[in-house]
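A quick write-up on the structure given underneath.
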There are 2 protein chains.
Amino acid sequence: MTVVSREAGDRLVAGRRWGHGSDWRNGAATRDNGLMSESAVVDKPGLRERKKAKTRAAIQEQALRLFRERGYDATTVEQIADAAEVSPSTFFRYFGSKEDVVAYDALDPLMMAAWRAQPPDVAPIPAFRNAMAQIFASLTPVQIEEMMDRGRLLFSVPALRQVAVNEMVRSGRMVVDELAARLGRPADDLELQVFAGAVMGAVVAVLAPMLDDPSLELEERLNGAFEFLQKGMPL
Amino acid sequence: MTVVSREAGDRLVAGRRWGHGSDWRNGAATRDNGLMSESAVVDKPGLRERKKAKTRAAIQEQALRLFRERGYDATTVEQIADAAEVSPSTFFRYFGSKEDVVAYDALDPLMMAAWRAQPPDVAPIPAFRNAMAQIFASLTPVQIEEMMDRGRLLFSVPALRQVAVNEMVRSGRMVVDELAARLGRPADDLELQVFAGAVMGAVVAVLAPMLDDPSLELEERLNGAFEFLQKGMPL
DNA sequence: CTATGTTATGAGAGTGGCTGTCAATAGCCA
DNA sequence: TGGCTATTGACAGCCACTCTCATAACATAG
């Protein structure tokens, strides 16, 4: 299950980044499974697994805290490792690169699920808009603030743009796949690709200015943008 | 004249990349100004300037050659410097980072000029499409191959995606500015931003698959994509 | 043409991200 | 309990990149 298929060849070239093709991206598991009888014998992941999850969460948490407090570039991996009480080696075992620690977007799968859950008679553009609006409406203020923080990091630190693109490429591909499945078209259909590209572009256009100016209204912008798209962008 | 305004703050944070805010990006000036009488006293840039231009060109040429021959990651700055007969220090004086050496897109300004040159009664979408088609039609096969090479590099090497985005952000901003000027709207107008975002997204969707499959027809794809956009992307 | 200021260059040392190896340790299973 | 294996830390090393300083190449005033 390669995350971004194009990356496949990179490893041949003795590349530095993107070495480990490990199974991260199931983090956020500080409180493990909420459902289990205390004395269970069954599915409990085993101490080892739980320890790993805790270590990963600790590293990520400390990293993001330090990034926020003193900036991304000014934070060294050694400092993160110290704060999380592991060795630098261990940091890289969990995250492959300093950038990766910021990569995981918890909202992304939610978005896709919400989109998929839209009734089939709603056209793709409104369906997408509704999904976005629903997800954002369901967030607590804290979650929104975290999201904005992450967004600002991603946008303002040049080194992190790379992960931002990768996320977008990934999302775009998911959009295409979903549409292809739903409409019974091939995944390399030009119109589907253009749709995904245009939608991603529009979403960025809607969200980016909001990072700087919190007074902007998401719902309003979202509606404006998608309506404009749907009219064929008359100018 | 900051190239990407958001970058402004980075230097405060003792960042690694993006240090030098130097005045490159007017490269490609091996043949200086084409207009001057041979014995001119006037505008000739002076030996120093010409030497610099030659050094820059040499570094870039050797770098791209080495990247093509042995891959981006497998090529060290030291090797590039050796090949160009300068010291590594000098490499960084000219390019700031190993990535920068791939950044400059000679076609970009041509595109914008061609777009601006479209008659004012043509709607923005067809104008943009025509501009792209014209530029591509004017390229020699060699130029096309070079462009594809660069595109493949930019897409397939993870570390270079960053410069790809920066280029896109820059282009997007130029599109917005041009439209804003032409239509007398503010540059932060949502519709303009969505337009730029969607167009960039669509262009990527059109071009990306062509890097892998040269049999695809640009003109055809371009028309299909923009027509689809203009119809409001019905699916 | 020389003296003097300016700018490009190379050498070298140092920082930090990242990789790979190895031995020690800690959870797992019989 | 003892042996197996996964995880870890210490350490050595590569490379991108930065800084400093002395030298050399050009520019220019006299």
Side-chain angles (χ1 to χ4, degrees), chain A residues 10-11 13-24 41 44-56 58-59 63 66-67 70-82 84-102 157-160 162, chain B residues 10-11 13-24 41 44-56 58-59 63 66-67 71-82 84-102 157-160 162-163:
Chain A
D10 298 339
R11 239 150 284 159
V13 208
R16 294 177 65 190
R17 275 132 222 206
W18 305 93
H20 316 229
S22 51
D23 59 327
W24 60 283
V41 193
K44 200 165 151 188
L47 188 81
R48 238 184 187 130
E49 296 304 313
R50 275 174 292 153
K51 254 193 145 164
K52 276 213 291 192
K54 233 189 297 194
T55 305
R56 165 173 290 119
I59 295 176
L66 289 172
F67 292 163
R70 56 178 88 169
Y72 179 83
D73 287 319
T75 305
T76 73
V77 170
E78 201 183 342
Q79 291 165 358
I80 300 171
D82 278 357
E85 303 189 292
V86 296
S87 75
S89 320
T90 300
F91 174 94
F92 285 109
R93 267 194 269 279
Y94 278 90
F95 285 100
S97 83
K98 187 179 164 190
E99 290 146 26
D100 276 2
V101 96
V102 197
V157 178
L160 288 176
Q162 189 187 327
Chain B
D10 298 341
R11 238 150 284 159
V13 209
R16 294 177 64 193
R17 277 133 220 202
W18 304 91
H20 317 227
S22 50
D23 59 326
W24 62 284
V41 193
K44 202 164 153 189
L47 188 87
R48 237 183 186 127
E49 295 305 312
R50 274 174 291 153
K51 252 190 146 168
K52 277 212 292 190
K54 234 191 295 193
T55 305
R56 182 193 315 285
I59 295 176
L66 288 172
F67 292 163
Y72 179 83
D73 286 319
T75 306
T76 71
V77 170
E78 201 183 342
Q79 290 165 358
I80 300 171
D82 278 356
E85 303 189 292
V86 296
S87 75
S89 321
T90 300
F91 174 95
F92 284 108
R93 267 189 207 95
Y94 276 90
F95 285 99
S97 84
K98 189 179 162 189
E99 291 147 25
D100 276 3
V101 95
V102 197
V157 178
L160 288 176
Q162 188 188 326
V163 341

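All chains are named by letter (A, B, ...) in the order of the sequence lines, taking the proteins before the strands, and each is independently numbered beginning at 1.
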Review item, nucleotides 5-8 of chain D N/O atoms under 3.5 Å of protein N/O:
unit_1, atom_1, unit_2, atom_2, d
D/dT5, O2, A/Arg48, NH2, 3.3
D/dA6, O4', A/Arg48, NH2, 2.9
D/dT7, OP1, A/Lys52, NZ, 2.9
D/dT8, OP1, A/Tyr94, OH, 3.3
D/dT8, OP2, A/Tyr94, OH, 3.4

TODO: Measure the distance from CZ on B/Phe92 to P on D/dC15 and round it to the nearest whole Å.
DONE: 13 Å
Task: Distance, rounded to the nearest Å, where A/Asp82 contributes CG and D/dA10 contributes P - done: 10 Å
TODO: Hey, could you give me the OG1/CZ distance between B/Thr90 and B/Arg56, rounded to the nearest 0.5 Å?
DONE: 12.5 Å
Open item on the list: Could you tell me how far apart A/Phe91 (CZ) and C/dC18 (P) are, to the nearest whole angstrom?
Closed with: 8 Å
Open item on the list: What is the distance, to the nearest angstrom, from the CD1 atom on B/Ile80 to the C1' atom on D/dA16?
Closed with: 11 Å
Task: Nearest-Å distance for atom pair CZ/C1', residues B/Phe95 and D/dT18 - done: 18 Å
Open item on the list: To the closest 0.5 Å, what do you measure between CD1 (A/Ile80) and CZ (A/Phe67)?
Closed with: 4.0 Å
- [ ] Enumerate, in order of first residue number, the stems that involve DNA chain D, defined as 3 or more consecutive Watson-Crick or G-U wobble pairs with both distances under 3.5 Å.
- [x] C:1-30 with D:1-30
Open item on the list: Can you give me the closest heavy-atom contact between B/Ala159 and B/Tyr72, atom names plus distance?
Closed with: CB-CE2, 4.3 Å
TODO: With heavy atoms under 4.0 Å as the rule, sort A/Ser89 into base, sugar-phosphate or nothing.
DONE: base
TODO: Check whether any side-chain heavy atom of B/Phe91 sits under 4.5 Å from a side-chain heavy atom of B/Glu78, and report yes or no.
DONE: no
Task: Rounded distance in Å - CD (B/Glu99) to C1' (D/dA16) - done: 10 Å
Open item on the list: Let me confirm one number: the OG1-CG distance from A/Thr76 to A/Asp82, rounded to the nearest 0.5 Å.
Closed with: 7.5 Å
Task: Interatomic distance where CD belongs to B/Gln162 and P belongs to D/dA16 [whole Å] - done: 15 Å
Task: From NZ (A/Lys52) to OG1 (A/Thr55), nearest 0.5 Å - done: 9.5 Å
- [ ] Return the minimal non-hydrogen interatomic distance between B/Ala81 and B/Ser87, and the atom names on each side.
- [x] CB-C, 3.8 Å
- [ ] Considering non-hydrogen atoms only, spot the tightest contact between B/Lys98 and B/Thr75 and give its length.
- [x] NZ-O, 2.7 Å
TODO: Calculate, to the nearest 0.5 Å, the distance between atoms CD and CD belonging to A/Gln162 and A/Glu99 respectively.
DONE: 5.0 Å
Task: Interatomic distance, B/Glu78 CD vs D/dC15 C1' [rounded to whole Å] - done: 9 Å
